[in-house]
Amino acid sequence: MENMMPRIEVLLKEAIGKALKDLFELDVNPQTIALQPTRKDYEGDFTLVVFPFVKQARKSPEETARLIGEHVQENLSEVNGFNVIKGFLNFSFTDSYWVSFLLQGAKDPDYGVTPAGKKEDVVIEFSSPNTNKPLHLGHIRNNLLGYSVAMILEAAGHKTVKVNLVNDRGIHICKSMLAWIKWGNGETPEKSGKKGDKLVGDYYVKFEAELKKEAQALKEAHNYDDDMARNDAPLMQEARTLLRKWEARDTQTVEVWKVMNNWVYKGFDSTYQRMGVNFEKIYYESDTYLLGREIVLEGLEKDVFYKKEDGSVWVDLSDEGLDHKLLLRADGTSVYMTQDIGTAQLRYDDYNIPRMVYVVGNEQNYHFEVLKKVFKKLGKPYADQLFHLSYGMVELPAGKMKSREGTVVDADELMEAMHVTAKETTEKLGKVDGFSEDEKETLFETIGMGALKYFILKVDPKKNMLFNPEESIDFNGNTGPFIQYTHARIRSILRKAEERKIYADELDITKVNLSKKEKDLLKTLYQFPEIIDQAAAAMSPAQIANYTYELAKEFNQFYHDYSVLNEPDKDASRFRLNLSVLTARVIKTAMGLLGINVPDRM
RNA sequence: GGCCUCGUAGUUCAAUGGAUAGAAUAGAAGUUUCCUAAACUUUAGAUACAGGUUCGAUUCCUGUCGAGGCUACCA
């Protein structure tokens with residue numbers, strides 16, 4: 001990037017700024033001038049909307065645009081024409097500008113990527129599983145988002161630290177422990193052949209089922225409502241007792257806890273690996289909640305928080321439009337908020353990075369509002385830089401996933417199903433003749449995962465999304481495999497070019513005439529660096545996904561209309577080869593930012 | 001009840017306040033002696049409703065209706 005020529009919009013904005021000054025004595029900061037790529041149905045490369053200036057110019061929109069256009073064309077040699085439609089001023093650049101841009105891009109193996117360290121460091125937390133049940137579709141969205149956002153931030157010049165915070169303690173963990181102690185008969189993953197996280201999850205389900213029975217009995221006997229019945233049920237009381245024993249470091253309890261959590265971690269590891277995510281550091285709530293408690297108690301001493309008669313500790317946020325919020329229970333045990341306070345501090349101590357991004361579902365918006373205000377009250381340096389990357393729920397055609405109703409989509413099963421579908425479809429199309437068994441399996445996995453990841457990441461993170469299994473395994477249209485296929489086709493051209501000894505770098509730049517389609521493709525490639533910056537600013541992999549789809553579509557149209565290797569004009573052929581090289585690279589880089597691999601053949 | 005999101009083709013998704021609201025899929029009709037047809041081309045179809053702000057509103061404001069989330073000594 002360093003030795004790239006300046007982005008043309010920058011020059012254009014400066015020229016426009018100068019025109020406004022010279023023509024209308026308008027002082028406008030060139031940075032604030034809004035340019036947009038010209039829409040495809042009009043002629044031109046970049047468009048300036050002149051309406052904001054017509055009042056000052058005291059001219060009609062058309063006249064204003066024409067004057068600016070003439071001034072800019074005289075002063076900027078890359079501009080070779082413009083047209084005006086209503087208040088829209090469309091600039092065109094010379095072919096030689098576009099071609100020389102292409103040549104530079106094609107030579108840059110990191111085209112579009114800014115070296116890490118140019119912008120501030122970021123800690124990004126995602127995944128954050130509970131150790132009482134296996135990962136499901138909701139976690140998949142979380143993990144894919146977190147991992148992708150981290151890579152996008154890196155590509156935009158940030159250094160990132162990916163961290164996971166495992167919720168390995170608390171009442172929910174005690175539930176599965178209690179069920180295993182009561183009804184497990186010493187079952188282990190080895191004995192039963194179950195994956196560790198699945199086994200523990202089964203006991204969590206068992207607990208809930210038994211609790212429901214007890215609660216039902218209580219309701220009938222004492223006319224309790226649902227909450228009362230659940231709370232008063234003997235099982236619930238036992239679970240709370242177990243939590244107190246755990247916090248008191250009771251040897252036997254801690255032993256069971258360790259054993260069961262290790263089963264879960266082993267299970268999670270294989271799920272993470274298949275999903276393709278990883279972390280620089282894993283924090284455990286069991287290691288951070290005590291620090292959190294300390295900080296809460298310190299805050300209590302400084303009168304930032306207050307204590308109720310029953311001994312529970314609270315923060316009063318009513319003067320900031322929020323509520324009173326519990327930080328420590330009356331029995332001294334910690335809540336979710338407590339450990340989040342501790343984790344943030346520990347992380348800051350470890351990395352000294354105040355910018356923290358939390359990838360957590362939008363049902364916790366309120367929690368993070370409170371957390372931020374608590375940090376502020378405590379005067380923490382990271383209070384103002386906390387960012388909650390709040391993503392929407394994943395819904396199924398049948399409605400919301402409910403673990404108690406068994407409608408959750410298991411992460412492992414889903415990934416396996418994607419692999420199987422990829423295999424069936426690929427074999428049916430006869431695409432893998434001549435592949436070795438290993439190559440086949442790798443390809444099926446690449447396609448299956450590509451379909452799944454793209455399907456989830458193409459949706460704006462903020463929005464709720466519908467996961468329709470039938471559509472997620474579709475490989476046509478706006479899908480991961482469509483883009484992968486486009487890449488494979490290009491790689492095929494590049495292989496053949498080498499065989500036929502056609503070399504991209506032998507292009508004579510003066511002999512190229514751009515067709516509309518070629519120029520459209522080139523302009524799309526040109527946008528890539530900006531797309532990365534925008535996606536990073538918005539923390540939205542969806543922007544990368546939509547762009548990449550656009551690019552692939554653009555290439556397929558070009559591919560359909562023009563031949564690269566069978567083109568008799570050598571320079572046209574070499575030019576198109578350059579286009580192909582850069583397109584393949586951008587697709588690969590962009591898909592990489594989504595955590596998706598692209599095959600060379602499929 | 002209070003607070004916060006969100007309502008775009010049949011369906012799933014796009015659209016920094018800008019031009020004729022884009023795609024995909026499902027539907028209809030086509031393209032392969034030519035670098036991979038998981039492709040390409042043509043066709044039909046949408047801003048929940050009512051006001052307001054302005055040169056211009058899917059986007060901002062108000063209200064109505066509809067969907068979801070939060071409002072736990074759960075996480």
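Each chain gets a letter, A, B and so on, in the order its sequence line appears, and its residues count up from 1.
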Salt bridge flag under 4.0 Å for residues A/Glu62 and A/Lys86
no
With the side chain defined as heavy atoms from C-beta on, A/Val49 is closest, among B/rA75, B/rG18, B/rA39, to B/rG18
Closest of B/rA37, B/rA14, B/rU12 to the A/Asn546 side chain is B/rA14
Assign each of A/Trp314 and A/Pro481 the nucleotide of RNA chain B bearing its closest heavy atom; nearer the 5' end lies the nucleotide of A/Pro481
Q | Presence of A/Lys553 side-chain N/O under 4.0 Å of B/rA38 phosphate oxygens OP1/OP2 | A | no
Give a yes or no on whether a salt bridge exists between A/Glu550 and A/Lys523, defined as a side-chain N under 4.0 angstrom from a carboxylate O. no
**Prompt:** Can you check whether A/Arg489 has a side-chain N or O nearer than 4.0 Å to OP1 or OP2 of B/rA37?
**Reply:** yes
Exactly one candidate in A/Tyr391, A/Phe387, A/Phe368 meets ring-ring contact (aromatic ring centres under 6.0 Å, His included) with A/Tyr358; the answer is A/Phe368
From the candidates B/rU20, B/rA75, B/rC40, the one with an atom nearest any side-chain atom of A/Lys86 is B/rU20
| query | When you check the phosphate oxygens OP1 and OP2 of B/rA75, does a side-chain N or O of A/Gln364 lie under 4.0 Å from one of them? | reply | no
### Query
Contact class for A/Val335 vs. all strands (heavy atom < 4.0 Å): base, sugar-phosphate, or nothing?
sugar-phosphate
### Message
Once hydrogens and angles are ignored, does a donor-acceptor distance under 3.5 Å link the base of B/rU5 to the side chain of A/Lys462?
### Response
no
Among the nucleotides B/rA39, B/rU25, B/rC35, whichever has the atom closest to the side chain of A/Asn556 is B/rA39
Which of B/rC35, B/rA19, B/rG68 is nearest the side chain of A/Val564? It is B/rC35
Checking all strands, does A/Leu466 fall into the base, sugar-phosphate, or nothing category for heavy-atom contacts under 4.0 angstrom? sugar-phosphate
So, does A/Lys463 get its side chain near the phosphate of B/rU12, meaning an N or O under 4.0 Å from OP1 or OP2? no
Counting only side-chain N and O atoms of A/Ser492, is one of them less than 4.0 Å from OP1 or OP2 of B/rU36?
-> yes
Side-chain contact check for A/Asp323: nearest option of B/rA38, B/rU71, B/rA24 is B/rU71
By nearest-heavy-atom nucleotide on RNA chain B, the more 5' of A/Ser563 and A/Arg329 is A/Ser563
Side-chain contact check for A/Thr426: nearest option of B/rA38, B/rC70, B/rA24 is B/rA38
_Check ion pair A/Lys440-A/Glu427 (N to O, under 4.0 angstrom)_ = no
Give me the distance, rounded to whole Å, that separates B/rU12 from B/rU20 when you measure between the C1' atoms they each carry. 24 Å
A/Glu63/A/Arg66 salt bridge by N-O under 4.0 Å criterion = yes
In short, A/Phe475 meets A/Pro481 closest at the heavy-atom pair CD2-CG, 3.4 Å
When rounded to the nearest Å, what value does the distance between P atoms of B/rU54 and B/rU71 take? 41 Å
### Message
Whether A/Arg244 and A/Asp331 form a salt bridge (side-chain N of Lys/Arg under 4.0 Å from carboxylate O of Asp/Glu) is what I want to check.
### Response
yes
Expressed in whole Å, how much space separates the C1' atoms belonging to B/rC6 and B/rA75? 24 Å
Considering just the side-chain nitrogens and oxygens of A/Arg491, establish if one lies under 4.0 Å of OP1 or OP2 belonging to B/rU36. no
**Salt bridge present between A/Glu247 and A/Arg293 (N-O < 4.0 angstrom)** = yes
Report all interatomic pairs (protein N or O, nucleotide N or O of nucleotides 54-56 of chain B) with separations under 3.5 Å.
none

Checklist entry - Does A/Asn476 place a side-chain N or O at less than 4.0 Å from the phosphate oxygens OP1/OP2 of B/rA39? => result yes
### A/Tyr485 side chain near B/rA38 phosphate (N/O to OP1/OP2, under 4.0 Å)
yes
